[in-house]
Amino acid sequence: MSFIFLKRSSISMAAIVTRFPPSPTGYLHIGGARTAIFNWLYARRHGGKFILRIEDTDLVRSTEASVKAILDAMEWLELDWDEGPFYQTERLEVYQEYLEKLVAGGHAYYCDCDPEDLDRRRQAAMAAGGKPKYDGRCRDRGLGPGPNRVVRFRCPLAGETVLNDLIKGPIVFNNAELDDLVLQKSDGIPTYNFAVVIDDVTMGINLIIRGDDHVNNTPRQILIYQALGAPLPRFAHVPMILGEDRARLSKRHGATSVMVYKEMGFLPEALVNYLVRLGWSHGDQEIFSREEMIANFSLEHIGKAAGVFNPDKLLWLNAHYLKERDPAALVPLLRPFLHQRGYSERPDDYLARAIATLQPRCQTLVEMADAIRYYLVDEVDYDPAAAAKFLRPETLSTIARMQAVLADLDPFDEARMEQAFRSVAEELGVKLGKIAQPVRVALTGVTASPGLFEVIDVLGRKTVLERLGKALDFIKAQARS
RNA sequence: GGUCCCAUCGUCUAGUGGCCCAGGACACCGGCCUCUCACGCCGGAGACACGGGUUCGAACCCCGUUGGGACUACCA
């Protein structure tokens, strides 16, 4: 009994605080999105906080447009944050304060080495078979602040730094391998490794889930925490996402921007579901609602190996969610794609009924917008091969017959329609397909479509009769020429 | 080059020493359903990188090899 109480209180002692810190040098990419999802899920799972921070200390590459693009993507994925967005460029005094503390404590020092000279020294060290690390020239010169001077961290020359990674286990680094990294650039802006630590310390971040491309940065960061006397957060390094050639996922593997997936007609829940399952698992389950993800997410089930991004599986998930959605809910999502194609406006309920027939046949909204064409155009255009095969003199009479039957059909619904087609087939002594295909081409212009009766039902009597009439005219015209 | 990480079907993964001559999913192949195309359903092919240990027993533990990846900036 008391054991249970103990366990409980120790768990609830520190509320979880996670963060997602993108740098606004471009759009939100697939890998970043997954990291954001993991951090968000963990915070939600444990009733903690999720903080958004914009790491814009790269003054040259950071842009306002990128910030907006990232925020838009977060919103589209429905990843809400509890605090922020904080901007590092607005926190310069904070870094300065901590920097002075480090310098005063002897943990950091000023350095006036010329960047180009530094580069030459590195090259020379490499050529001599040594390590390309900073040679420590200014380490003990006792320099003070001044123009063109950076601040470097005084890294211990010996000893070990251990990273107890929640995913990879303990990783030991020899401090001698590390060098005196720059904390503050000569323009007064902090470097990444310094700013993250200060931000994470001051924002109370106690769990850092990030890509494992950061593993080698972590010992340097741990050393800074220690120099500051700050408590260490827990670290969880998630394996990378690879392209199909097993190289780090990049533009040459196809779309890597989250918002491009929106443009390609993907649903956010499909992307999120795909991404969360890329590297994490919960037994054999493939489909997860938000609630299920939150309820089941755990670091223990994140794998150690990098994963290849598989567009086919994403497509399958998207098709799944497309089928599952209420057709009416799909209308506003599909509309932008219809406008792009220049279709004329139609009422919501008409679109919803058309969409319902296309749901099991489309993998993306883009496919759906293409497929919905014959429901929206004033005049169908015939696929030449389809017309050549099914709109010929021999089919004239069956189309005419169906036109006559449908003109009088009452009520004009799917059930009656099927009856009508079947009885005409019987009457003519042919299989249903013999009648259905020519009519299908007359109505849609193509040989593959949703069930014929569904199509007729959506189109309505007037349009159906018109299109059948037009098909008859077409056949006659063909016969004359 | 140095440091670090990783290794189950083509791909994502289950698997935490006996339940595994390895399960699920995508993709692929075959069948069923059927007015076409899909959806759906049923079935099939397909993997523990290699070599050594440890153990009564290894996909699971250890070592090595090989292969992949990351980092190595006054980028983040």
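So you know, we letter chains A, B, ... as the sequences are listed, proteins then strands, and number each from 1. All values below come from the heavy atoms of this structure, side chains included, with hydrogens, waters and symmetry mates left out.
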Considering only the C1' atoms, how many Å lie between B:G51 and B:U66, rounded to the nearest integer? 10 Å

What interatomic distance, in whole Å, is found between C1' of B:C50 and the corresponding atom of B:C32? 44 Å

Answer with base, sugar-phosphate or nothing: what part of the nucleic acid does A:Phe309 contact at a heavy-atom distance below 4.0 Å? nothing

Do the side-chain N and O atoms of A:Thr218 and A:His237 include a donor-acceptor pair separated by under 3.5 angstrom? yes

Distance below 4.0 Å between A:His320 side-chain N/O and B:C39 OP1 or OP2: no

For residues A:Glu286 and A:Asn273, report the shortest heavy-atom separation together with the two atoms involved. O-ND2, 2.9 Å

A:Phe266 vs A:Tyr274, ring pair (Phe, Tyr, Trp, His ring centres under 6.0 Å): CA-CA, chis, key distance, verdict: CA-CA 11 Å; A:Phe266 286 85; A:Tyr274 177 72; 9.6 Å; no

Which value, in whole Å, describes the distance between the C1' atoms of nucleotides B:G40 and B:U34? 12 Å

Quick one: A:Leu249 CG to B:U11 P, roughly how many Å, whole number? 16 Å

Who are the side chain to side chain contact (heavy atoms under 4.5 Å, CB included) partners of A:Val201, not counting sequence neighbours? A:Val197, A:Tyr225, A:Ala230

Report which part of the nucleic acid A:Leu278 touches: base, sugar-phosphate, or nothing (heavy-atom distance under 4.0 Å, all strands). sugar-phosphate

State whether a side-chain donor-acceptor pair under 3.5 Å links A:Tyr192 with A:Asn217. no

Do A:Tyr374 and A:Asp381 have side-chain N/O donor and acceptor atoms under 3.5 Å apart? no

I need the CD1-P distance between A:Ile54 and B:A76, as an integer number of Å. 14 Å

Looking only at side chains, do A:Thr89 and A:Asp56 share a donor and an acceptor under 3.5 Å apart? yes

Roughly how far apart, to the nearest Å, are B:A14 and B:C6 at atom P? 15 Å

Taking the six-membered ring of A:Phe153, is the NZ or CZ of A:Arg220 close enough (under 6.0 Å from the centre) and on axis enough (within 45°)? no

In whole angstroms, the gap separating C1' of B:U3 from CG of A:Leu181 amounts to 15 Å

Look at the side chain of A:Arg440 and decide which nucleotide, out of B:C5, B:C74, B:C35, has an atom nearest to it. B:C35

Pairwise C1' distance, B:U8 and B:G15 [rounded to whole Å]: 9 Å

With heavy atoms under 4.0 Å as the rule, sort A:Lys434 into base, sugar-phosphate or nothing. nothing

How far does the P atom of B:U16 sit from the matching atom of B:C61, given to the nearest Å? 11 Å

Do A:Arg91 and A:Thr57 have a side chain donor and acceptor closer than 3.5 Å? no

Tell me which nucleotide, if any, is Watson-Crick or G-U wobble paired with B:A59 when both distances must be under 3.5 Å. none

Looking only at N and O atoms, is any donor in the side chain of A:Arg361 or the base of B:C39 less than 3.5 Å from an acceptor on the other one? no

Let me know the distance between CG of A:Leu59 and P of B:A73, rounded to the nearest Å. 21 Å

Under 3.5 Å, is there an N or O donor on one side and an acceptor on the other linking the side chain of A:Thr191 and the base of B:C74? no

Let's see if you can work this out: which of B:C75, B:G15, B:C6 has an atom nearest to the side-chain heavy atoms of A:His301? B:G15

If B:C50 has a Watson-Crick or G-U wobble mate with both distances under 3.5 Å, name it; if not, just say none. B:G64

Around atom NZ of A:Lys185, are there more than 12 heavy atoms from other residues, nucleotides or ligands closer than 6.0 Å? yes

B:G1 -> Watson-Crick or G-U wobble partner, both distances under 3.5 Å, gives B:U72

Is A:Gly303 touching bases, backbone alone, or none of the nucleic acid, heavy atoms closer than 4.0 Å? nothing

Is there a donor in the side chain of A:Asp199 and an acceptor in the side chain of A:Gln88, or the other way round, less than 3.5 Å apart? yes

Let's test this: given Watson-Crick or G-U wobble pairing with both distances under 3.5 Å, identify the partner of B:C26. B:G10

A:Val308 near the nucleic acid: base, sugar-phosphate alone, or nothing, with a heavy-atom cut-off under 4.0 Å? sugar-phosphate

Under 4.0 angstrom, heavy atoms only, what part of the nucleic acid is A:Ser281 near: base, sugar-phosphate, or nothing? sugar-phosphate

B:A7, B:U16, B:G40: which one has an atom nearest the side-chain heavy atoms of A:Lys323? B:G40

Measure CZ/A:Arg61 against P/B:C74 and give the value in whole Å, please. 14 Å

Heavy atoms under 4.0 Å is the rule here; annotate nucleotides 19-29 of chain B 5' to 3' with B where the base is hit, S where only the sugar-phosphate is, and - elsewhere. ----BBBBS--

Nucleotide forming a Watson-Crick or wobble pair with B:A38, both distances under 3.5 Å: none

How is A:Thr57 classified with respect to the nucleic acid when contacts are heavy atoms under 4.0 Å: base, sugar-phosphate, or nothing? sugar-phosphate

Taking C-beta and beyond as the side chain, do A:Phe453 and A:Gln419 meet within less than 4.5 Å on heavy atoms? no

Do you know the tightest heavy-atom contact between A:Ala108 and A:Val151? CB-CG1, 3.8 Å

Using a heavy-atom cut-off of 4.0 Å across all strands, would you classify A:Pro450 as base, sugar-phosphate, or nothing? base

Specify the separation, in whole Å, of atom CD of A:Glu300 and atom P of B:U13. 17 Å

Taking atom P of B:A73 as reference, at what distance in whole Å does atom CG of A:Asp58 sit? 16 Å

Please work out if A:Arg422 contacts a base, only the sugar-phosphate, or nothing of the nucleic acid, heavy-atom cut-off 4.0 Å. sugar-phosphate

Distance, rounded to the nearest Å, where A:Phe390 contributes CZ and B:C35 contributes P: 14 Å

Ignoring the backbone of A:Lys168, work out which of B:C6, B:A38, B:A76 is nearest its side chain. B:C6

Heavy-atom contacts, protein to nucleotides 65-72 of chain B, under 4.0 Å, summarised as B (base), S (sugar-phosphate only) or - (none) per nt, yield ----SBSS

Determine the interatomic distance between P on B:U55 and the same-named atom on B:C60; round to the nearest Å. 16 Å

Using the P atom as the reference point in each nucleotide, state the distance between B:G23 and B:C62 in Å, no decimals. 25 Å

Where each residue is assigned the nucleotide of RNA chain B containing its nearest heavy atom, which of A:Gly169 and A:Pro190 is assigned the position nearer the 5′ end? A:Gly169

Considering heavy-atom distances to RNA chain B, does A:Leu432 or A:Asp114 have its closest nucleotide positioned more toward the 5' end? A:Leu432

